[in-house]
Amino acid sequence: MNKKPVLLVIAHGSRDPRHAATVHALVRRVRSRRPGLRVETGFLDFNIPSVQGVLESLAAEGVQDVVAQPLLLTRAFHAKADIPAVLRDAPPQLRIRQAEVLGPSPLLLQALERRLYEAGLTPADKSSTGVVLASAGSTDPEAIAVIADIAREWWHTGWCAVRPAFASAALPRTEDAVRELRSLGCSKIAVAPYVLAPGFLPDRIARGATEADVLADVLGPAPEVARVLLERYDAARTPILTAVGA
């Protein structure tokens, strides 16, 4: 019987130690959900092990099949350029498939609501609460459009209003979206960071939320995020297993 491909979770990395700690917490949750699956973590920058180092170690062990999972919520520069470039430099004996990014997914909307309720909202607040869907931001128009689509979809689940906001590279900023929702007459304003781990841009989102009533935590190791990650792995591994006759 052929072994399951190794799941390599690829995170961006950060000088902020909270980033790596959150990534490792998410990976632990993934391992707990799929005990028979080998899960490794590699970082593009700032943290160790590097993606290239993990790939070289796997090749040295004789591993053949890897699913590379970008720990990203949108298909922007890192998913389209950085990660493929690193994977192209992998040892040639490795068969690697790059999985799709985590978002969008209904499970991630569930995780966002989980974080808002953990921060103090209740389901009864939903119809009177305006929500800022605050993402890191991107220069990629596709990624910006996806965030706007998610905001529209989330609004249709019963919130007073939902507005996208961006910590960098695009507008509006979080504080501007908060003020817009206030002007619409929503009784409460909540900010939901659509980011996976703490760091520089999530801190900027938090600073922009000072006039909001509720600030949720980052998605982090939410169980829904772990489920999405494994769904992406399963979708990516199928061609590998077909190719090797599994």
Side-chain angles (χ1 to χ4, degrees), residues 7-33 39-54 68-74 76-79 82-83 86 101-103 105 107-121 131-138 143 147 164-170 173-175 177-178 190-230 232:
L7 169 56
L8 172 58
V9 175
I10 300 179
H12 182 273
S14 172
R15 292 185 178 90
D16 189 325
R18 297 173 298 167
H19 175 90
T22 302
V23 170
H24 291 309
L26 174 59
V27 169
R28 287 194 296 272
R29 187 177 286 276
V30 170
R31 290 184 180 126
S32 72
R33 293 188 66 90
V39 187
E40 300 290 343
T41 308
F43 295 90
L44 291 173
D45 206 355
F46 301 116
N47 302 106
I48 55 173
S50 68
V51 175
Q52 188 66 30
V54 174
Q69 174 63 64
L71 203 56
L72 300 169
L73 295 172
T74 58
F77 181 78
H78 295 305
D82 281 357
I83 292 175
V86 172
V101 297
L102 300 180
S105 167
L107 285 169
L108 294 178
L109 287 181
Q110 292 178 28
L112 287 166
E113 292 208 9
R114 169 195 291 275
R115 292 300 188 227
L116 286 172
Y117 295 146
E118 289 170 350
L121 289 182
V131 179
V132 177
L133 180 69
S135 76
S138 173
I147 300 301
F166 307 95
S168 68
R173 293 288 184 258
T174 301
E175 53 269 34
V178 168
V191 174
Y194 189 59
V195 293
L196 287 166
F200 177 75
L201 293 178
D203 283 349
R204 181 179 287 176
I205 290 171
R207 290 193 297 273
T210 54
E211 295 180 22
D213 301 294
V214 173
L215 171 63
D217 199 358
V218 299
L219 292 171
E224 296 88 351
V225 178
R227 285 177 60 191
V228 174
L229 201 154
L230 287 169
R232 299 291 186 257

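Here, residue 1 is the first one in the sequence, and each next residue gets the next number.
For Ala222 against Arg114, the heavy-atom pair with the smallest separation is CB-CD, 4.5 Å. Pairing each heavy atom of His78 with each of Leu44, the nearest pair is ND1-CD1, 4.4 Å. Closest heavy-atom contact between Gly13 and Asn47: CA-OD1, 3.1 Å. Closest heavy-atom contact between Ala165 and Val132: CB-CG1, 3.6 Å. Looking at every heavy atom in both residues, Val195 comes nearest to Ala136 through CG1-N, 3.9 Å. Here the shortest heavy-atom pairing between Val191 and Ala134 reads CG1-CB, 4.1 Å.
With sequence neighbours excluded, no residue forms a side chain to side chain donor-acceptor pair (under 3.5 Å) with Glu175. In this structure Glu113 satisfies the salt bridge (Lys or Arg N to Asp or Glu O under 4.0 Å) test together with Lys126, sequence neighbours excluded. The salt bridge (Lys or Arg N to Asp or Glu O under 4.0 Å) test applied to Asp217 returns no partner, not counting sequence neighbours. Looking at residues two or more places apart in sequence or on another chain, you find a side chain to side chain donor-acceptor pair (under 3.5 Å) between Arg115 and Glu118.
No side-chain heavy atom of Leu201 sits less than 4.5 Å from a side-chain heavy atom of Ser135. The closest side-chain heavy-atom distance from Phe43 to His19 is below 4.5 Å. Taking the side chain as every heavy atom from C-beta outward, Phe200 and Asp16 never approach each other to under 4.5 Å. Contact check for Ile10 versus Val86: no side-chain heavy atoms found under the 4.5 Å cut-off. Using a 4.5 Å heavy-atom cutoff, the side chains of Leu219 and Leu112 are in contact.
Here Gln69 contributes atom CD and Leu230 contributes atom CG; the two are 9.0 Å apart, rounded to the nearest 0.5 Å. Considering CG of Leu133 and CG of Leu109, their distance stands at 8.0 Å, rounded to 0.5 Å. Atoms CG and CG, on Leu229 and Leu71 in that order, are 6.5 Å from each other to the nearest 0.5 Å. If you take CG on Leu108 and CZ on Arg227, they are separated by 10.5 Å, rounding to the nearest 0.5 Å. If you take OG1 on Thr41 and CD1 on Ile48, they are separated by 12.5 Å, rounding to the nearest 0.5 Å.
When Val228, Val101, Val225, Leu196 are each tested for a side chain to side chain contact (heavy atoms under 4.5 Å, CB included) with Leu73, only one passes: Leu196.
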Tabulate below the donor-acceptor pairs under 3.5 Å that side-chain atoms of residues 20-30 make, not counting sequence neighbours, or state none.
unit_1 : atom_1 : unit_2 : atom_2 : d
Thr22  : OG1    : Arg18  : O      : 2.8
Arg29  : NE     : Pro221 : O      : 2.5

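Between His12 and Phe46, the two ring planes are tilted [angle within 30° to 60°].
Among pairs with a residue in residues 40-51, those fulfilling salt bridge (charged side-chain N to carboxylate O under 4.0 Å, His left out) read Arg38-Glu40, at least two apart in sequence or across chains.
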